[in-house]
Amino acid sequence: MAGASLALLLAHHCPALQVSLLERHALPDSNAVLSLPSFDTRATAIAAGSLQIFDELGLWPALRAYAAPISRVDVSDRGHSMGASLNAARESEASFDGMLGAVIENAALGPLLYRALEKTRVDVLAPAEVGDVAMTADGAVLSWRAAGAKEADQQTLRTRLLVVADGTGSPLCRQLGIATQEVDYHQQALVATVGLQRDHAGVAFERFTDSGPMALLPLPRRDGIHRAALVWTCEQGDWERLASLPEDAFIGHLQQTFGWRAGRIVRAGRVQGYPLKLSLAREQVRRGLALVGNCAHFLHPVAGQGFNLTLRDCDGLARTIGRAMAGKGTDFGQAGPGELDLLQAYWRERQHDQQLTIGFSDRVPPLFASRSLLLSGLRQAGLLGLALAPALRSGFARQAAGLAL
Ligand SMILES: Cc1cc2nc3c(=O)[nH]c(=O)nc-3n(C[C@H](O)[C@H](O)[C@H](O)COP(=O)(O)OP(=O)(O)OC[C@H]3O[C@@H](n4cnc5c(N)ncnc54)[C@H](O)[C@@H]3O)c2cc1C
């Protein structure tokens with residue numbers, strides 16, 4: 001998602017730039033009708049600021065057809081009465097098109113991004129696996145080959161700017177000697193699609209429990225079923241036990257932990273687990289090189305910020321290159337988009353947002369999981385502040401929406 005989004009943004013902000021996107025997997029057939037499963041699907045909460053970015057690319061009308069709008073965010077702390085809520089009507093400065101954000105299934109988002117790429121000049125090479133990478137005085141040289149092709153069929157690509165977006169544990173970063181700083185949370189995010197008895201009415205629930213945060217995000221109704229996407233953070237042992245439960249027992253456990261704010265939970269699809277850690281690349285730019293997406297920063301999914309932060313990075317990078325190209329015209333410097341000054345300018349612009357978003361995702365889960373009376377008092381005071389102080393609530397909403405900067 002990071003690579004495809006950046007390619008679209010580069011095509012939009014730097015139309016004269018020649019961009020190639022290499023993806024190891026074959027792409028979905030663009031003519032095929034998008035038929036999505038009702039269950040067993042992963043979804044991404046897209047914040048209002050990200051919807052604005054997609055809208056500028058002309059993508060929102062296509063995404064809208066597969067999105068469930070978020071009209072309210074309901075934050076609560078299990079075992080305590082104090083809660084807070086953000087409302088699209090009240091937080092209009094943090095909203096887009098009357099919503100605080102929208103939830104889109106990844107099975108729709110990915111193909112829609114690739115379909116949009118077909119309308120650009122971006123050269124999409126897929127399936128194309130990147131092997132060796134070497135940095136040179138002029139940029140980077142990559143060797144790549146199509147899936148299943150022989151060693152001898154290896155091809156070479158030269159570029160003035162290589163943007164690595166190959167996900168967590170990035171082999172390309174390892175090759176380039178870029179170390180990561182990691183914090184293992186020793187937790188798993190348990191992800192499943194659930195069926196609800198009643199309509200979620202566009203409410204995204206964020207509930208903090210002793211074991212960690214839970215989110216229940218609205219999904220579009222499908223096959224007559226009211227659906228929501230569950231992200232449930234739990235300890236490793238709990239995750240194994242929960243994942244092995246039959247559906248009824250799983251639902252019983254979920255209902256007991258989550259409570260009744262979303263009404264009765266009537267179905268649960270296949271449970272998938274994602275190990276949780278914070279992983280930060282120690283460098284995000286070098287001459288001729290930038291990192292975006294999970295290989296640059298992989299966060300706790302507490303507030304659904306990972307992809308939103310990535311999209312803002314991609315937007316920032318494309319705009320920085322676009323501005324430099326517009327200023328320098330055809331004489332765009334020898335290193336072109338790989339110029340170190342330019343990449344450092346991008347990095348300086350993005351640092352503040354990255355620090356805030358990463359800090360929030362790292363610090364909030366332990367604060368809400370703690371049984372300490374002091375921390376419990378602090379988080380209740382925080383929720384009280386959000387409930388009562390419009391300025392604090394509005395600032396929080398704008399940061400969460402990616403519109404604070
Ligand atoms: C449980 C969970 C819930 C989340 N929910 C949200 C949310 O609600 N909102 C939000 O904003 N974020 C969310 N996130 C974060 C979001 O999922 C990530 O930001 C997003 O997946 C970014 O992916 P990426 O493109 O960087 O990496 P990946 O998805 O890992 O993509 C890397 C790509 O690189 C390709 N690749 C790898 N190596 C090579 C190679 N050598 N050659 C060619 N291609 C290669 C792979 O095939 C793959 O397509 C969540 C994360 C988790 C774990």
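Both ligands and their constituent atoms are indexed starting at 1 by order of listing. Residue numbers count from 1 along this sequence.
Residue A128 touches ligand 1 through its backbone alone, judged by heavy-atom distances below 4.0 Å. Contact annotation: for A165 versus ligand 1, heavy atoms closer than 4.0 Å belong to the backbone alone. At a 4.0 Å heavy-atom cut-off, ligand 1 does not touch V292 at all. With a 4.0 Å heavy-atom cut-off, ligand 1 is reached by the backbone of A2 and by its side chain too.
In terms of protein heavy-atom proximity, atom 48 (C) of ligand 1 is nearest to E23 OE1, 3.5 Å. R42 NH2, 3.1 Å is the protein heavy atom nearest to atom 17 (O) of ligand 1. With hydrogens left out, the protein atom closest to atom 1 (C) of ligand 1 is V191 CG2, 3.6 Å, a heavy atom. Atom 44 (N) of ligand 1 has as its closest protein heavy atom R24 N, 3.1 Å. The closest protein non-hydrogen atom to atom 21 (O) of ligand 1 is N294 ND2, 3.7 Å. Protein heavy atom nearest atom 42 (N) of ligand 1, with residue, atom name and distance: V130 N, 2.9 Å. For atom 8 (O) of ligand 1, the closest non-hydrogen atom of the protein is A45 N, 2.8 Å. With respect to atom 19 (O) of ligand 1, the closest heavy atom belonging to the protein is F307 N, 3.2 Å.
Scanning all heavy atoms of the two residues, the minimum distance from S170 to D166 falls at OG-OD1, 2.6 Å. Taking every heavy atom of both residues into account, A7 and V122 meet most closely at O-CG2, 3.7 Å.
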Next item on the list: Apply side chain to side chain contact (heavy atoms under 4.5 Å, CB included) to the pair L291 and E283, showing each step before the final yes or no.
Entry: CA-CA 8 Å; L291 271 50; E283 296 162 84; over 6 Å; no

Next item on the list: Give the intermediate values and the outcome of side chain to side chain contact (heavy atoms under 4.5 Å, CB included) for residues Q188 and Q236.
Entry: CA-CA 6 Å; Q188 290 270 343; Q236 184 64 32; 3.0 Å; yes

Next item on the list: Applying side chain to side chain contact (heavy atoms under 4.5 Å, CB included), run through L63 and L51 and close with a yes or a no.
Entry: CA-CA 9 Å; L63 294 177; L51 295 179; 5.6 Å; no

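By the 4.0 Å N-to-carboxylate-O rule, D138 lies too far from R158 to be salt-bridged with it. The pair R312-D315 fails the salt-bridge criterion, with no side-chain N (NZ, NE, NH1 or NH2) lying under 4.0 Å from an Asp/Glu carboxylate O.
If you number the atoms of ligand 1 from 1 as listed, the ones under 4.0 Å from a heavy atom of H25 come out as 47 (O). For ligand 1, the atoms sitting less than 4.0 Å from at least one non-hydrogen atom of G167 are 27 (O), 30 (O), 32 (C), numbered in the order shown with element in parentheses. Heavy-atom contacts of G293 reach the following atoms of ligand 1: 26 (O) (cutoff under 4.0 Å). Contact atoms of ligand 1 toward M1: 20 (C), 25 (O) (distance under 4.0 Å to a heavy atom of the residue).
The aromatic rings of F54 and F307 lie parallel to each other, with less than 30° between the two planes, well short of the 60° mark.
When each of D362, L276, V183 is paired with H300, the side chain to side chain contact (heavy atoms under 4.5 Å, CB included) condition holds for L276 and for no other.
For atom 4 (C) of ligand 1, the choice among P301, G304, G110 with the nearest heavy atom turns out to be P301.
Atom CZ of R323 has more than 12 neighbouring heavy atoms from other residues, nucleotides or ligands inside a 6.0 Å radius.
Residue-to-ligand polar distances place N308 within reach of ligand 1: an N/O pair is separated by less than 3.5 Å.
Taking a distance limit of 4.0 Å, we find that atom 29 (O) of ligand 1 is approached by no protein heavy atom.
With hydrogens and angles disregarded, a donor-acceptor distance shorter than 3.5 Å links the side chain of S95 to the backbone of A88. Using modelled atom types, one side-chain atom of R287 and one backbone atom of A137 make a donor-acceptor pair closer than 3.5 Å.
Residue contacts with ligand 1: S50 is excluded, as none of its non-hydrogen atoms falls under 4.0 Å.
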